[in-house]
Amino acid sequence: MKKNIRLIIAYDGTDFHGFQRQTNAASIQLCVEQALSAIFQSPITIYGAARTDAGVHARGQVVNFYGEGTIPTEKIPYAMKGYLPREIAVLSAEEMPEAFSVRHDNKGKHYCYSIVNRLMHDPFQLRYAWFIRKPLDRQAMKAGAEILLGTHDFSAFEGQNTTPMNPVKTMYAIDLEEQGHLLRIHVVGDGFLYHMVRNIAGGLVDLGLHRLTPDEFRRILEGKDRTKLGATAPAQGLCLEEVFYSEERLQSVLTQLKAQRI
């Protein structure tokens with residue numbers, strides 16, 4: 001009898017063309033499916049909670065798949081180590097009810113966008129952060145983050161050529177965290193459009209550089225016109241931190257973010 005198994009996966013997305021399987025390019029999905037197929041000795045298809053873009057990272061991507069075999073579920077992460085590149089790690093495996101779906105049963109997602117704001121770049125952060133030399137006005141960025149909180153039509157923040165979907169999303173938290181020259185933008189919401197978090201980060205940076213005022217930023221949101229917003233932030237700064245499957249865990253993270261915000 002096939003089991004419905006949930007995996008939590010971390011990966012450095014720098015050298016991959018995103019999570020979703022590609023015809024002629026390396027993807028996280030393809031690597032994981034090939035590893036699972038070798039272990040279970042049958043073709044395996046996985047379903048991901050988030051389709052991260054090319055170059056985007058994850059600490060807490062969640063996938064599920066249906067597999068039949070003798071390997072104990074808790075041994076799957078160790079068994080996969082020999083079949084996966086070093087940039088991908090399976091952190092845990094758990095058997096779930098047959099009807100469980102990583103896409104439809106989640107309560108929200110937590111993304112983090114990292115920025116190094118200093119005169120000289122940090123070579124150890126180039127794969128994982130956006131380097132910005134000019135000083136950023138944190139207060140202006142915080143004002144923009146507050147504008148985006150709550151439920152809005154985020155059409156102005158969706159990527160070009162995106163698959164049509166409901167643009168109305170609820171942002172539970174958009175918090176700034178500062179550690180020396182490293183600035184992190186934490187975004188927690190019930191759902192996200194294609195490139196939405198990267199466009200939020202780009203918009204907040206434009207506020208921090210005084211390219212936009214908070215009033216202009218609000219009008220862009222209300223106008224629902226993507227062409228009025230600036231450039232999309234680069235992929236390497238974005239990381240999928242966690243996908244939530246309980247209200248309790250979601251509220252716990254929101255409390256933690258509130259405690260560390262600047």
Side-chain angles (χ1 to χ4, degrees), residues 10-18 52-59 87 109-149 154 156-162 171 173-189 192-221 223 225-241 256-262:
Y11 49 83
D12 177 335
T14 304
D15 299 322
F16 295 90
H17 290 257
T52 54
D53 303 329
V56 173
H57 316 292
R59 287 190 176 89
E87 294 84 0
K109 301 181 182 76
H110 172 198
Y111 285 91
C112 179
Y113 195 92
S114 297
I115 296 168
V116 172
N117 189 204
R118 57 188 290 185
L119 285 174
M120 187 60 65
H121 72 274
D122 182 347
F124 299 101
Q125 290 287 343
L126 288 178
R127 289 169 67 99
Y128 309 108
W130 183 10
F131 168 59
I132 298 176
R133 179 175 288 106
K134 294 181 179 179
L136 291 169
D137 183 339
R138 271 61 163 174
Q139 294 305 311
M141 296 175 72
K142 286 174 64 177
E146 291 174 3
I147 289 169
L148 300 180
L149 285 177
F154 281 94
F157 292 83
E158 68 180 354
Q160 296 179 343
N161 302 318
T162 183
M171 296 298 102
I174 303 179
D175 291 330
L176 274 64
E177 176 196 6
E178 200 167 30
Q179 293 182 354
H181 298 292
L182 181 61
L183 179 65
R184 292 188 175 100
I185 303 170
H186 295 275
V187 184
V188 181
F192 296 91
L193 303 169
Y194 179 60
H195 280 178
M196 180 173 157
V197 181
R198 289 169 59 189
N199 284 327
I200 287 174
L204 295 184
V205 165
D206 281 344
L207 282 162
L209 295 173
H210 297 157
R211 294 171 179 166
L212 288 174
T213 67
D215 284 342
E216 289 170 336
F217 193 64
R218 185 186 300 276
R219 287 197 292 272
I220 289 172
L221 171 66
D225 184 355
R226 172 64 186 89
T227 64
K228 302 298 183 182
L229 194 67
T232 301
Q236 77 270 11
L238 185 59
C239 183
L240 172 62
E241 297 287 332
Q256 293 172 24
L257 293 177
K258 184 177 181 179
Q260 68 188 25
R261 70 175 56 151
I262 63 174

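We're numbering straight along the sequence, starting at 1. All figures in this text were calculated on a predicted structure; none of them were measured in a lab.
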Donor-acceptor contact below 3.5 Å, side chain [X] vs main chain [Y]:
X: Gln236; Y: Ala129; answer: yes
X: Lys228; Y: Arg219; answer: no
X: Arg198; Y: Ala201; answer: no

Can you measure from [atom1] ([X]) to [atom2] ([Y]) and round to the nearest 0.5 angstrom?
X: Leu176; Y: Gln139; atom1: CG; atom2: CD; answer: 9.5 Å
X: Tyr11; Y: His57; atom1: OH; atom2: NE2; answer: 10.0 Å
X: Glu241; Y: Leu257; atom1: CD; atom2: CG; answer: 9.5 Å
X: Asn117; Y: Phe131; atom1: CG; atom2: CZ; answer: 8.5 Å
X: Leu183; Y: Leu204; atom1: CG; atom2: CG; answer: 9.5 Å
X: Thr232; Y: Tyr194; atom1: OG1; atom2: OH; answer: 9.0 Å

ring-ring contact (aromatic ring centres under 6.0 Å, His included) partners for [X], two or more places apart:
X: Phe217; answer: Phe157
X: His186; answer: His110
X: Tyr113; answer: none

Checklist line | Ion pair check, Arg127 and Asp15, cut-off under 4.0 Å | finding: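 Judged by the 4.0 Å cut-off on N to carboxylate O distance, Arg127 and Asp15 do form a salt bridge.
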Of all the heavy-atom pairs spanning [X] and [Y], show the shortest one and how long it is.
X: Gly144; Y: Leu207; answer: CA-CD1, 3.5 Å
X: Ile185; Y: Ile174; answer: CG2-CG2, 4.2 Å
X: His195; Y: Gly159; answer: CB-CA, 3.8 Å
X: Ala156; Y: Leu221; answer: CB-CA, 4.4 Å
X: Val187; Y: Met171; answer: CG1-SD, 3.8 Å
X: Gly202; Y: Ala233; answer: N-CB, 3.9 Å

Checklist line | Heavy-atom side-chain proximity of Ile220 to Leu212 below 4.5 angstrom | finding: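 Result yes, sub-4.5 Å side-chain heavy-atom pair found.
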Item checked: Within-4.5 Å side-chain heavy-atom neighbours: His181 and Asp122 ->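 No. Closest side-chain heavy atoms not under 4.5 Å.
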Check: Can a donor-acceptor pair be found between the side chains of Asp225 and Thr227 at a distance below 3.5 Å?
Finding: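 There is such a pair between these side chains.
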Notebook entry, point to check: Which is it for Leu148 and Phe154 under the side-chain contact (heavy atoms from CB on, under 4.5 Å) test, yes or no, and what are the steps along the way?
Noted result: CA-CA 9 Å; Leu148 300 180; Phe154 281 94; 4.0 Å; yes
Note to self: Applying salt bridge (charged side-chain N to carboxylate O under 4.0 Å, His left out), can you list everything that pairs with Arg261, at least two apart in sequence or on another chain?
What the structure shows: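 With neighbours one apart ignored, the set is Asp175.
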Checklist line | Residues that Glu178 engages under salt bridge (charged side-chain N to carboxylate O under 4.0 Å, His left out), provided they are two or more places apart | finding: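 Only Arg138 meet the salt bridge (charged side-chain N to carboxylate O under 4.0 Å, His left out) criterion with Glu178.
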Next item on the list: Apply side-chain hydrogen bond (donor to acceptor under 3.5 Å, both in side chains) to Asp215 and Thr213, showing your working.
Entry: CA-CA 5 Å; Asp215 284 342; Thr213 67; 5.4 Å; no
Notebook entry, point to check: What pairs of residues pass the salt bridge (charged side-chain N to carboxylate O under 4.0 Å, His left out) test when at least one of them lies in residues 202-213, not counting sequence neighbours?
Noted result: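 Every salt bridge (charged side-chain N to carboxylate O under 4.0 Å, His left out) pair that includes a residue of residues 202-213, provided the two are not neighbours, is Asp206-Arg211.
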Margin query: Taking the ring centre of each residue, are Tyr111 and Phe192 less than 6.0 Å apart?
Written below: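 Here the rings of Phe192 and Tyr111 have centres that are less than 6.0 Å from each other.
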